[in-house]
Visitor: 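Please find one structure pasted underneath; my questions will follow.
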There are 2 protein chains.
Amino acid sequence: MGQTNPPFMSGVPELLLLRLLEQREMYGYELVKAIRLVTSEAIALGEGVVYPVLHSLEAGGALRSKRKKVDGRTRVYYTLSTKGKKRLDRLQIEWQRIQSGVSAALEAPDNA
Amino acid sequence: MGQTNPPFMSGVPELLLLRLLEQREMYGYELVKAIRLVTSEAIALGEGVVYPVLHSLEAGGALRSKRKKVDGRTRVYYTLSTKGKKRLDRLQIEWQRIQSGVSAALEAPDNA
DNA sequence: CCGACATACCTAGTACTACGAGGTATATAT
DNA sequence: ATATATACCTCGTAGTACTAGGTATGTCGG
């Protein structure tokens, strides 16, 4: 019996990270703030969420990382791999489906 | 320190169930099919998801149930309580926030 | 100089959800 | 008789997201 499907609405943090990294290479701490910014504070992921997701994405081959030293501090920059781009596409379609499904349910008229 | 916030994007099954029960009283098996229907197959929750959520909602006072015998089979009908209505409102606002946040992130232009 | 704060990384442990698989029982259709 | 649809249920698992911590460096104010 095949693979276990992931919970159908999870992976939003993953989606956001992949999407941001599609636009330009960024490092973890920067991503934490970028998510707040781009979502107008609607979504605020802590470092305890972001770092583990980045690590698991890298472990899965969706991201590649390189360390850079800037002002004496070490930053770990992440870039999207081909695999990561595919993963992003899949997650985006998935999200679209869920989003439209929920919208349909919420907007459904009270058929009296 | 205070209460633990639930994972920010969870509760979609809960949201859908509460929303459907806001419109009319329904029983579990009926809800399973109604969700498929109203979401145009975009979301398909199994009985293993629906029943436990119904039970926990009832335990939390959001739903009330009454058993009815129809054609020799027993159905458990659920209705929304005042508490349930409030919970629905909260979840709906929460969803709206997440949804618009994700949309903003996905639609953000690649600022070259 | 020292404390506070921002930057920048990390992990452990927990809580909760959603899910699949299975199990019971009755009615209906073949 | 057998299969399918109805209608309920629970157990065990997987996996996510979250809080709370911990390390280390640079900078700014007093």
Visitor: Could you check which residues of residues 66-77 of chain B get a heavy atom under 4.0 Å from DNA chain D? Sort them by number, please.
Guide: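 Only B:R73, B:T74, B:R75, B:V76 qualify.
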Visitor: Going by the rule side chain to side chain contact (heavy atoms under 4.5 Å, CB included), which residues pair with A:V76 if we only count those two or more places apart in sequence or in a different chain?
Guide: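 Partners of A:V76 under the side chain to side chain contact (heavy atoms under 4.5 Å, CB included) test: A:S65, A:R67, A:Y78.
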Visitor: Donor-acceptor pair, distance only, cut-off 3.5 Å: does the side chain of B:T74 make one with the backbone of B:K69?
Guide: no
Visitor: How many Å lie between CG on B:L15 and C1' on C:dA18, as a whole number?
Guide: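 Rounded to the whole Å, the gap is 15 Å.
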Visitor: Under a 4.0 Å heavy-atom cut-off, which of residues 50-65 of chain B touch DNA chain C?
Guide: none
Visitor: Distance check needed: D:dA17 C1' versus A:L45 CG, whole Å only.
Guide: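 Going from CG in A:L45 over to C1' in D:dA17 covers 9 Å.
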Visitor: If you check the A:Y29 side chain, which of D:dT6, C:dA18, C:dT7 turns out closest?
Guide: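 When the side chain of A:Y29 is considered, C:dT7 is the closest of D:dT6, C:dA18, C:dT7.
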Visitor: Of all residues at least two apart in sequence or in a different chain, which pass the side-chain hydrogen bond (donor to acceptor under 3.5 Å, both in side chains) check with A:R64?
Guide: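 With sequence neighbours excluded, A:R64 shows a side-chain hydrogen bond (donor to acceptor under 3.5 Å, both in side chains) to no residue whatsoever.
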Visitor: Could you work out, with side chain to side chain contact (heavy atoms under 4.5 Å, CB included) as the rule, every residue matching A:K85, not counting sequence neighbours?
Guide: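 With neighbours one apart ignored, the set is A:E22, A:L80, A:D89.
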Visitor: Could you state the atom-to-atom distance from NZ of A:K33 to P of C:dC9 in whole Å?
Guide: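 Between P of C:dC9 and NZ of A:K33: 11 Å.
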Visitor: Measure from the side-chain heavy atoms of B:E47 and tell me the nearest of D:dC8, C:dA18, C:dC9.
Guide: D:dC8
Visitor: Check the distance between D:dC8's C1' and B:M26's CE and give it to me in whole angstrom.
Guide: 16 Å
Visitor: Can you tell me the distance, in whole Å, between the OH atom of A:Y27 and the P atom of C:dC10?
Guide: 13 Å
Visitor: With sequence neighbours excluded, tell me which residues meet side chain to side chain contact (heavy atoms under 4.5 Å, CB included) with A:R75.
Guide: A:Y27, A:V70, A:Y77
Visitor: From CD1 of B:I43 over to C1' of C:dT17, roughly how many Å is that when rounded to an integer?
Guide: 15 Å
Visitor: Under 3.5 Å, which donor-acceptor pairs do the side chains of residues 33-47 of chain B form with other protein atoms, sequence neighbours left out?
Guide:
{"from": "B:T39", "atom 1": "OG1", "to": "B:I35", "atom 2": "O", "distance (Å)": "2.7"}
{"from": "B:T39", "atom 1": "OG1", "to": "B:I43", "atom 2": "N", "distance (Å)": "3.1"}
{"from": "B:T39", "atom 1": "OG1", "to": "B:I43", "atom 2": "O", "distance (Å)": "3.1"}

Visitor: Pull out every residue in residues 84-102 of chain B that has a heavy atom closer than 4.0 Å to any atom of DNA chain C, ordered by number, or say none.
Guide: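 The answer is none.
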Visitor: So B:G28, base contact, sugar-phosphate only, or nothing? Heavy-atom distance under 4.0 Å.
Guide: sugar-phosphate
Visitor: Could you give all pairs that pass the side-chain hydrogen bond (donor to acceptor under 3.5 Å, both in side chains) test and reach residues 90-99 of chain B, with sequence neighbours left out?
Guide: B:E94-B:R97, B:Q99-B:S103
Visitor: Only pairs at least two apart or in different chains count here, so list each salt bridge (charged side-chain N to carboxylate O under 4.0 Å, His left out) that has a residue in residues 98-108 of chain B.
Guide: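 Sorted pair list comes back empty.
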Visitor: List the steps, then state whether salt bridge (Lys or Arg N to Asp or Glu O under 4.0 Å) holds for A:R19 with A:E14.
Guide: CA-CA 8 Å; A:R19 169 61 182 154; A:E14 216 180 293; over 6 Å; no
Visitor: So, using salt bridge (charged side-chain N to carboxylate O under 4.0 Å, His left out) as the criterion, who are the partners of B:E58 when residues are at least two apart?
Guide: none
Visitor: Could I get the full list of side-chain hydrogen bond (donor to acceptor under 3.5 Å, both in side chains) partners for B:E25, not counting sequence neighbours?
Guide: B:K68
